[in-house]
Novice: 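I have a structure I would like to understand better, so I am pasting it below and will then ask my questions one at a time.
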Amino acid sequence: MEDEVADISVKNVNKFFGDTHVIKDISLEIKSQSFTVLVGPSGCGKSTMLRMIAGLEDINSGKISIDNVTVNDLPPKERNIAMVFQSYALYPHMTVYENMSFGLKLEKRSKEEIEERVNEAAKILQIENYLKRKPKQLSGGQRQRVAIGRAITRKPKVFLFDEPLSNLDAALRVQMRVELAKLHDQLNATMIYVTHDQTEAMTLADDIVVLDEGTVSQTGSPLNLYNNPKNLFVGGFIGSPKMNFLKTKILSKSSDKVEVDIMGTSKLEVPINSNSDILESESITLGVRPEHLLINEKSDAEWEGKVFVTEKLGSGTFLYIEKKDEPLVVAVEGDADIKVGDTVKIGFNASRCHLFGKNGSIV
Amino acid sequence: MIIFNLFFYVFAGILACVFYYHTANYLLDFFTKNSSKKIYNDSSIRAIIFIAPALVVLIIFIIYPVFETVRLSFFDKYGRDFVGINNYLWAFNDPEFRRCILNNLGWLLIVPTLSTFFGLVIANLADRIWWGTIAKSIIFMPMAISFVGAGVIWKFVYDYRGPGDEQIGLLNAIIVSFGLEPQAWITIPIWNNLFLMAIMIWIQTGLAMVIFSAALRSIPKEMLEAARIDGASEFKIFTSIIIPYLEQTILVIWTIITILVLKIFDIILAMTNGQWQTEVLANLMYDWMFRGGGDSGRGSVMAIIIMIGVIPIMAWNIHRHREEQKV
């Protein structure tokens, strides 16, 4: 679409806490009405990034603009944003209604308008029956709804979520995740969501931004990140259980493919970029996802290994196969008849394998 | 020699305690072990054994004096003849006593309110400046000074010399340097009460500030950030979020200072001894009971009035504390 402007733009932003360089020259374009998830391990700077967009944290250099307006020096309230915190951050002495209307009252909206907006938000979140209660009379899930409701009533252009589901139990988290996705469809607002949970990122996002130690490791749609990780970090971070990494080396190289060693027992030909500068006999890491390994099926390269743990989830089973260093994890169907101690034939398909060079980036 | 005696008595006291608890406990074990009767509730007897000494001390030094004071308030000057409610009637007709009630009410309204207010504001502001800790230490310091000591210090602040003389009082020195007439501050009726209250506020603000400082730290940061995102100004956050959040703490501090103020005595004694219409109940009681007056009946009446004043605040405090425990 032509009129789809970049709603939020982050350009060369740096942030220091004392001597620690936590955000290293990050640039991002976040599309209007998209659901963007910032994901990464703890300490990667994702929350700091969000707080800088919110205006809760100053930036040391660079530029952040929302809707083409530079907001570097604007206080949070002038940025047209709303934020939902991990701890809910509700006002304990106010009722749910007062919590949700606090921002509107400060904007000096009329009583009727406030009532209409709060009721509308309460209806969307199904908390109409709790409006007169205090936060401490609510369960964790209900509190989080109120926190989201408080954001909705203000009708901001951008919603910021800082790990909003982390304090909920597993079942509730899945339920709220679905509701957040629904909410995004209903509201048509730009949402930026911070989490350390790659499942949340994969299920919710239009675009994922993977952060690692203050830099952007890769951005893209969930499936793009899943299928084409640009480096070891993204490969390992996205997907559950995590991608298997085999330390191996290149046996021979031609213009568009290389032959790599599989456990010293077989060889696998993997296509590569023609401009890759990788050398013959160089050490390399082969990444392959558990669900892309084949058991007792025809494939491009095979290896036999012994199963030492099986995890049966019903919907699928994970086999842990003994090998040097970490075990190899293979995902098979839930009713696969494989027991601990069995020796299985594992097949590698070249098109599903990723090769990472010495510096960790894809070749 | 005194030191030796001191150590001896402390040691003997501890020994006596240990001896009492041990033997009592041992005897209880001895008798209950061989008795098959279950009617003795072992644990409740043991509880009584351990509480008894403290209870005895409480009864002798607190409960008994209360009843004795009540009794004395109905007796004459020497505590011999019963005079009914005459002492009370006298008190309510005595202009000086009425003045005390008024003054005490003034103290009660002004001192806890201002101390709490200043404490909260200072605690909140001091966290925003780099020299906040230093400022807080200085403001807290008066807490370490006794009321009489504070009285002496402030005597120098309010000190008055004739217009021709060099002013050694801080306040007068300042005023004279602006070319104004020196004032005998603590002799100006009504106003002098406020000058005395300033001393108490000076002392108690430190207490309030320290407690509020700790309480402010307990406020979740994210809640304040949420308020900022909601568009609240710093002042609005203070009035709409922080103050309601600290409501319990504010009430606790307010009651602590209120009870302290009800018993206000030392500052008055040191500064004016109740002259120039600054008399308060505790000081008047002291006058009637021990000085000049020597009237145990009238003195007791004052003591009881003070106690009656404290009771509702204490009761409410305990009630609130219980409610809090329930949640």
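Naming: A, B, ... by sequence-line order, numbering from 1 per chain. Here the structure is a predicted model, which is why all the values come from computation and not from measurement.
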Novice: Got more than 12 heavy atoms from elsewhere within 6.0 Å of CH2, B:Trp191?
Specialist: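 Open: at most 12 neighbouring heavy atoms sit under 6.0 Å from CH2 of B:Trp191.
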Novice: For atom CG of A:Asp58, decide whether the heavy atoms of other residues, nucleotides or ligands shown that lie under 6.0 angstrom number more than 12.
Specialist: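 Counting neighbours around CG of A:Asp58, 12 or fewer heavy atoms of other residues, nucleotides or ligands fall under 6.0 Å, so no.
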Novice: Distance check, rounded to the nearest 0.5 Å: B:Glu222 atom CD versus A:Tyr88 atom OH?
Specialist: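 Result: 11.0 Å between the selected atoms.
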Novice: Is it the case that over 12 heavy atoms from other parts of the model lie below 6.0 angstrom from the NZ atom of B:Lys136?
Specialist: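 Result for NZ/B:Lys136: enclosed.
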Novice: Atom CD of B:Glu225 and atom CD of A:Glu57: how far apart are they, to the nearest 0.5 Å?
Specialist: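 Between atom CD of B:Glu225 and atom CD of A:Glu57 there are 7.5 Å.
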Novice: Relative to chain A, which segment of B:Lys236 carries a heavy atom at a distance below 4.5 Å: side chain, backbone, both, or neither?
Specialist: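 Answer is side chain: those atoms of B:Lys236 sit under 4.5 Å from chain A.
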Novice: Tell me, out of A:Arg154, A:Lys77, A:Arg79, A:Met83, who's got the most heavy-atom pairs with chain B below 4.5 Å.
Specialist: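 With the most close heavy-atom pairs to chain B, the winner is A:Arg154.
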Novice: Counting only heavy atoms not in B:Phe117, do more than 12 fall under 6.0 Å of its CZ?
Specialist: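 Counting other residues, nucleotides and ligands, CZ of B:Phe117 stays at 12 neighbours or fewer.
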Novice: Which answer fits A:Leu160, side chain, backbone, both or neither, if we ask what part of it has an atom under 4.5 Å from a heavy atom of chain B?
Specialist: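 For A:Leu160, no heavy atom lies under 4.5 Å from chain B.
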Novice: Looking at A:Lys105, I want to see if its NZ is surrounded by more than 12 non-hydrogen atoms of other residues, nucleotides or ligands under 6.0 Å.
Specialist: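 Enclosed.
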Novice: Nearest 0.5 Å, please: how far is CG in B:Asp230 from CE in A:Met100?
Specialist: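 If we round to the nearest 0.5 Å, A:Met100:CE and B:Asp230:CG are 11.5 Å apart.
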Novice: As an exercise: rank A:Ser87, A:Pro76, A:Ala82 by heavy-atom pairs under 4.5 Å with chain B and give me the winner.
Specialist: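 Between A:Ser87, A:Pro76, A:Ala82, the count favours A:Ser87.
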Novice: Of all the heavy-atom pairs spanning B:Ala226 and A:Ala89, show the shortest one and how long it is.
Specialist: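 Taking every non-hydrogen atom into account, CB-O, 3.9 Å.
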Novice: Looking at B:Ser240, B:Ser233, B:Pro220, which has the largest count of heavy-atom pairs under 4.5 Å with chain A?
Specialist: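 The option with the most such pairs is B:Ser240.
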Novice: To check you understand the geometry: which heavy-atom pair defines the closest contact between B:Ala227 and A:Tyr91, and what is its length?
Specialist: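 Result for this residue pair: CA-OH, 3.1 Å.
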